[in-house]
> 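Quick one: structure below, then a few questions.
Atoms within a ligand are numbered from 1 in the order they appear, just like the ligands themselves. Small disclaimer: the values here were computed from a predicted structure and weren't measured.
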Amino acid sequence: MVKQQKQIEALNARFALTDHLWFQSGENGLPKVQIDNGLATAEVYLQGGHITAFQPQGSEPVLWMSPQAQFQSGKAIRGGVPVIWPWFGAHAIDKHKPQHGFARTTEWQVSTTKALPDGRTQLQLQMQDTPATHALWPHAFALSLTITVGKALKIELTSHNTGEQVFTVGGALHSYFAIGDVEQMHIDGLFGCNYIDQLDGNRIKQQNEIIGIRQEVDRIYFDTEDTCTEGVYTIFDAQLLRQIYIKRTGSRSTVVWNPWKNKAKAMADFPDDGYQRMVCIETANAVDDVRHLAPGETHTLSQIISL
Ligand code: TA6
């Protein structure tokens with residue numbers, strides 16, 4: 001605990017910004033960044049570079065967090081925006097490797113903090129390859145996560161190949177959105193898109209109606225670049241009487257997930273009725289949308305969330 005306290009004091013001495021950003025001890029003593037700039041509040045854990053809260057001034061929280069989330073070193077946090085990298089889902093070859101890669105269970109380093117002239121706050125986190133990452137993924141890389149907090153939340157995940165060989169990356173910003181009632185919401189922006197139904201033998205299907213959720217849903221929409229309305233998805237929430245807009249770049253695949261009753265019950269860090277108040281819409285590089293980066297090349301996956 002003393003070590004973590006010292007770490008937080010050192011982070012505040014170097015990176016805290018008056019009226020914008022500071023570091024404090026979070027759940028289980030894990031270091032977290034608190035942001036409050038009058039436009040919005042947000043919270044980010046260094047563990048996983050994980051955004052666990054975003055709330056524009058005068059609005060309800062936009063992200064859903066599991067009240068049973070586990071905050072332990074090396075464990076994924078349930079809710080908010082998990083950073084999925086360098087692969088999405090199960091590892092293509094070795095099923096013993098962690099689901100959704102290792103970025104979400106690794107502690108990130110702070111690289112910069114900025115108070116922007118327009119009142120927004122910017123936090124940049126980074127991670128590089130280590131012997132531990134090489135054991136899971138034998139490549140040299142630099143990964144940065146730039147989080148800009150204002151009335152909108154902008155998240156940019158940049159992969160940089162710092163090695164001598166081409167590598168392939170996949171991933172996602174696996175965002176959990178807070179909704180009033182799953183049966184009184186629908187999602188717009190994926191009409192006409194094809195998707196892989198992960199609950200039906202990965203059969204390919206077409207979205208021929210507005211997306212409503214009345215059962216477990218686990219779909220990977222692909223080639224969403226052309227068909228999606230100007231790159232924006234909209235959650236229409238009739239219970240909270242609001243829309244959430246999700247704009248994305250650097251992505252041609254989108255995942256929509258709701259565990260519904262049985263899967264919710266089966267997850268220890270998820271409340272039995274939690275499926276009623278969340279939906280995941282994930283800006284991804286999944287399946288054929290993975291990116292092949294040559295030495296020196298970079299790729300940025302981004303999501304902008306607003307009300
Ligand atoms: O993104 C959807 C998904 O891949 C689902 O299949 C489901 O497993 C979900 O992610 C949660 O995965 P997690 O590893 O966080 O339990």
> D218 heavy atoms, cut-off 4.0 Å: which ligand 1 atoms fall inside?
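Close to D218: 2 (C), 5 (C), 6 (O).
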> Minimum distance, heavy atoms only, to atom 15 (O) of ligand 1: which one of R104, H174, H100, Q99 is it?
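Residue with the shortest heavy-atom distance to the ligand atom: R104.
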> Among all the protein's non-hydrogen atoms, which is closest to atom 16 (O) of ligand 1, and how far away is it?
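The closest one turns out to be R78 NH2, 3.0 Å.
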> For V255, counting its heavy atoms only, list the atoms of ligand 1 lying under 4.0 Å from any of them.
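This gives 1 (O), 2 (C) as the contact atoms.
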> Knowing that exactly one of R219, R203, K205 qualifies, which makes a side-chain hydrogen bond (donor to acceptor under 3.5 Å, both in side chains) with D197?
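Only match with D197 under side-chain hydrogen bond (donor to acceptor under 3.5 Å, both in side chains): K205.
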> Between F141 and H160, does the ring-ring contact (aromatic ring centres under 6.0 Å, His included) criterion hold? Intermediate values first, please.
CA-CA 6 Å; F141 68 85; H160 181 195; over 10 Å; no
> For Y233, which of T254, V256, D188, I211 qualifies under side-chain contact (heavy atoms from CB on, under 4.5 Å)?
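The option that passes is T254.
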> V169 pairs by side-chain contact (heavy atoms from CB on, under 4.5 Å) with which of L301, N161, N285, L293?
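Of L301, N161, N285, L293, side-chain contact (heavy atoms from CB on, under 4.5 Å) with V169 is met by L293 alone.
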> Decide whether the shortest distance between a heavy atom of K263 and an atom of ligand 1 is less than 4.0 Å.
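No; K263 lies far enough from ligand 1 that no heavy-atom distance drops under 4.0 Å.
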> Hey, which of W85, F167, W87 is the one that makes ring pair (Phe, Tyr, Trp, His ring centres under 6.0 Å) with H139?
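So the option named by the test is F167.
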> Quick one: look up the protein heavy atom nearest atom 2 (C) of ligand 1 and list residue, atom name and how far away it is.
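Checking every protein heavy atom, the shortest distance to atom 2 (C) of ligand 1 gives E282 OE2, 3.6 Å.
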